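In what follows, every heavy atom counts, from backbone to side chain, and hydrogens, waters and symmetry copies are set aside. Being a predicted model, the structure only gives us computed values, none of them experimental. In listed order, ligands and their atoms are each counted from 1.
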Amino acid sequence: QTPAKGSPEHIKAVTSAVDGASIKANTATSSDWPTIGLDYAETRFSKLNQINADNVKKLGLVWSYPLESSRGVEATPVVVDGVMYQTASWSVVHAIDARTGKRLWTYDPKVDRTKGYKGCCDVVNRGVALWKGKVFVGVYDGRLIALDAVTGKVVWEKDTLIDKEHSYTITGAPRVFNGKVVIGNGGAEYGARGYVTAYDAETGNQAWRWFTVPGDPSKPFEDESMAAAAKTWDPAGKYWINGGGGTAWDTITFDPDLNLVYIGTGNGSPWNRDVRSPSGGDNLYLASLVALNADTGKYVWHYQETPGDHWDYTSTQPMILADLTIDGTPRKVILHAPKNGFFFVVDRTNGKFISAKNFVDVNWATGYDANGRPIEVKEARGREQYDSIPGPYGAHNWHPMSFNPQTGLVYLPAQNIPVNLTPEKAVKHNAQEPGKFASAAGWNVGFMLNATPPKSAPFGRLLAWDPVKQKEAWRAEYVAPWNGGTLTTAGNLVFQGTADGRFIAYNATTGEKLWETPVGTGVVAAASTYLVDGKQYVSIAVGWGGVFGIAARATELQSPGTVYTFALDGKAPPPAFVKYQTEGLLAGVKYDPKDVPEGTALYVTACAQCHGVPGVDKGGNVRNLGYVSKETIENLKNFVFKGPFHDQGMPDFTGKLTEADVVKIQAFIQGTADAIRPK
Ligand SMILES: O=C(O)c1cc(C(=O)O)c2c(n1)C(=O)C(=O)c1cc(C(=O)O)[nH]c1-2
Ligand SMILES: [Ca+2]
């Protein structure tokens, strides 16, 4: 007798069946969405076509589910036979019955909310992995947890962190293959040394670990790849004291045929190479694609996309493995669009460069030579105060792209978020200094950020990119950057959520907009699609946030994190949307104008990362201090020292700021609001 759908027996049966063979088999049908990127190649291309370009205008809501979170939601729903696993902010896992939209269970790993400042970019999580009846989640505080897929109870838990002195976090989704769970971490804005670790999925025992950058050269190197890498760093920079960076905080993919795991590595720590490695050097394996043997974790090859990273040009952006015919020859490739603004096609059998082309305007390089080295513009590293284009938010960030083999196009959220960089002359590691961006939280990047207001133009667009021709096929322009990831289907569709709170379907060939619906808040995550009892559904988790979404926004609506599920002829009413809580431009706080310069520097040190520029930014999932009540700013010290938001992620600035500092910060906030007030 088959168990009732949605019953514990059913959940046990369908989740226990998830393994390498089932994931591979699902690639032929796309009936489930069993891994974060749909398949091991992470194409996010579904073969389903019940919903298609002809009928998508009949798409309607079937159910919505509250994630009970107010910070960024970045995870793609993972679904097997109508059992959905989704994460919210603070690494909370939700199991949902996709047949009804009802909760099966939730699991809160109880991250210490007072430690939110340990991550650069919002308390986000990019989703779970599923394998043989277990759900794996990487937790913001560095734990990797295996949950029972039926009950949500902890099966095992590992602390993946080997260094408690520096700030490490996990925001990425674990990946599972051959019975191993692989996870990296973040922290390269703070001084961290990147590494990835594989654990046995059954027991949680460590299988292997690979560091992304070398450690202290006076000590033995962990392996040959580290000895080789150390030759590309200048020890005069004492990079190992603060880790060097290279954190693998998002993309990890697996090719079962080649038995290789691919890791995308992050930026240098600090960003400024002149500090990290004063005489230069490529600083391997920063900003690289690296292939490891899936069984042993041994280095196999690397391709460095940004040699000697200087600009926070992470290569952690989601990879797609594709088989393309290039110049008449079938090639197994990786498609990649890292922060640095170039679209890469790399041979995934050996790491050989095939091609690269800029997909947005860039001002650091003119192109790549035949060997795959960037041709840097002469001033790229010598400028004094300049808008880095792309800036540290990247021409493309973690928002997943998708590849549709029917159109041959990659659908990629591209952007510019203006940031001005001024190199710091003397960098003191881990020192909180006035004017040094987010240094109260522990940032050391070796640049002043926006000491001069940036002048480059912001934009956000969906690009349809032909990776063979290395050419744009079509684009959709948005009102703002920081739009969601994409999903593409055999129904000739592309789905994307937007910063301004819409969920949209396009014709994948032409870019014509076919359908859209409001979703009550900005969207950053990507959608998934799957069959339940033979019928196709599309699900998207919304919840504005991520690094740009903390302090900025593009809609008046700030509904909490929600999963929306759509199908043809769906008729469910949407939940009530919530508006941003906001006051008029701050007025009337008494201050001494002489305090403004020092207040500015202190604000940059302690407040700007999350609250943005008072009155100029509008506030994202954290409020802008130019649009709060006069009483709030007059009572600022009661918020700053063990205040009411301390258990929601706001740092306690006791010992970091004095009451006199707070008075100066008040002067900056009111002074800035006064300065921008229309006369
Ligand atoms: O260097 C790092 O370790 C690190 C980690 C993370 C993260 O874990 O979220 C981000 C970044 N860097 C980063 O540079 C970045 O732009 C970024 C955006 C986001 C996000 O979730 O919106 N995370 C991160
Ligand atoms: Ca970074």
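- Looking at every heavy atom in both residues, Asn340 comes nearest to Glu305 through ND2-O, 3.5 Å.
- Between Gly394 and ligand 1 there is no heavy-atom distance shorter than 4.0 Å.
- Of all the heavy atoms of Asn267, the ones lying under 4.0 Å from any atom of ligand 1 belong exclusively to the side chain.
- Below 4.0 Å from some heavy atom of Gly186 lie the following atoms of ligand 1, by number and element: 3 (O).
- Aromatic ring centroids of Tyr285 and Phe211 lie 6.0 Å or more apart.
- In this structure, the ring of Tyr190 has its center no less than 6.0 angstrom from the ring center of His166.
- The protein non-hydrogen atom at the shortest distance from atom 18 (C) of ligand 1 is Val547 CG1, 3.4 Å.
- Only the side chain of Cys120 comes within contact range of ligand 1, with a heavy atom under 4.0 Å; no backbone atom does.
- For atom 19 (C) of ligand 1, the closest non-hydrogen atom on the protein side is Cys121 CB, 3.4 Å.
- Residue Ala188 has at least one heavy-atom neighbour below 4.0 Å for each of these atoms of ligand 1: 1 (O), 2 (C), 3 (O).
- Counting heavy atoms closer than 4.0 Å to ligand 1, residue Trp482 contributes side-chain atoms (C-beta onward) but none from N, CA, C or O.
- Geometry about the Ca ion (ligand 2) gives an angle of 100° between OD1 of Asn267 and OE2 of Glu189, rounded in steps of 10 degrees.
- Of the charged side-chain nitrogens involved, at least one lies within less than 4.0 Å of a carboxylate oxygen, so that Arg71 and Asp122 count as a salt-bridged pair.
- The protein heavy atom nearest to atom 8 (O) of ligand 1 is Thr171 OG1, 2.8 Å.
- Checked for salt-bridge contact, Glu376 and Arg383 miss the test: no charged N lies under 4.0 Å from a carboxylate O.
- Counting heavy atoms closer than 4.0 Å to ligand 1, residue Ile170 contributes nothing at all.
- Between Asn185 and ligand 1, a contact under 3.5 Å exists for no N or O pair.
- When only non-hydrogen protein atoms are considered, atom 14 (O) of ligand 1 lies nearest to Lys339 NZ, 2.6 Å.
- Aromatic rings from Phe343 and His336 are positioned such that their centres are separated by 6.0 Å or more.
- Residue Val524 does not touch ligand 1, judged by heavy-atom distances below 4.0 Å.
- In this structure, Glu189 does not pair ionically with Lys118, as no charged nitrogen and carboxylate oxygen lie closer than 4.0 Å.
- Aromatic rings from Trp465 and Tyr411 are positioned such that their centres are separated by 6.0 Å or more.
- Of the heavy atoms in Trp398, only side-chain atoms (C-beta onward) come closer than 4.0 Å to ligand 1.
- Looking at ligand 1, you'll find an N or O of Gly187 within less than 3.5 Å of one of its N or O atoms.
- Looking only at N/O/S atoms, Asp312 comes nearest to the Ca ion (ligand 2) through OD1.
- With salt bridges taken as basic N to acidic carboxylate O contacts below 4.0 Å, none links Asp282 and Arg276.
- Summarising the geometry of Ala438 relative to Gln609, their closest heavy-atom pair is CB-OE1, 3.4 Å, with the distance given to 0.1 Å.
- Arg113 and Asp141 are not joined by a salt bridge, as no carboxylate oxygen comes within less than 4.0 angstrom of a charged side-chain nitrogen.
- Aromatic pair Tyr564/Phe503: centroids not less than 6.0 angstrom apart.
- Of the protein's non-hydrogen atoms, Arg126 NH2, 3.1 Å is the one closest to atom 9 (O) of ligand 1.
- Considering backbone and side-chain atoms together, Trp249 places an N or O closer than 3.5 Å to an N or O of ligand 1.
- Salt bridge status for Glu477 with Arg475: present, with a side-chain N to carboxylate O gap under 4.0 Å.
- On a distance-only criterion, Thr169 and ligand 1 share no N/O pair closer than 3.5 Å.
- The Gly546 neighbourhood of ligand 1 comprises atoms 20 (C), 22 (O), with distances under 4.0 Å to a heavy atom of that residue.
- The distance from ligand 1 to the heavy atoms of Val124 drops below 4.0 Å at these ligand atoms: 21 (O).
- Within ligand 1, the atoms closer than 4.0 Å to a non-hydrogen atom of Glu74 are 20 (C), 21 (O), 22 (O), numbered from 1 in the order shown.
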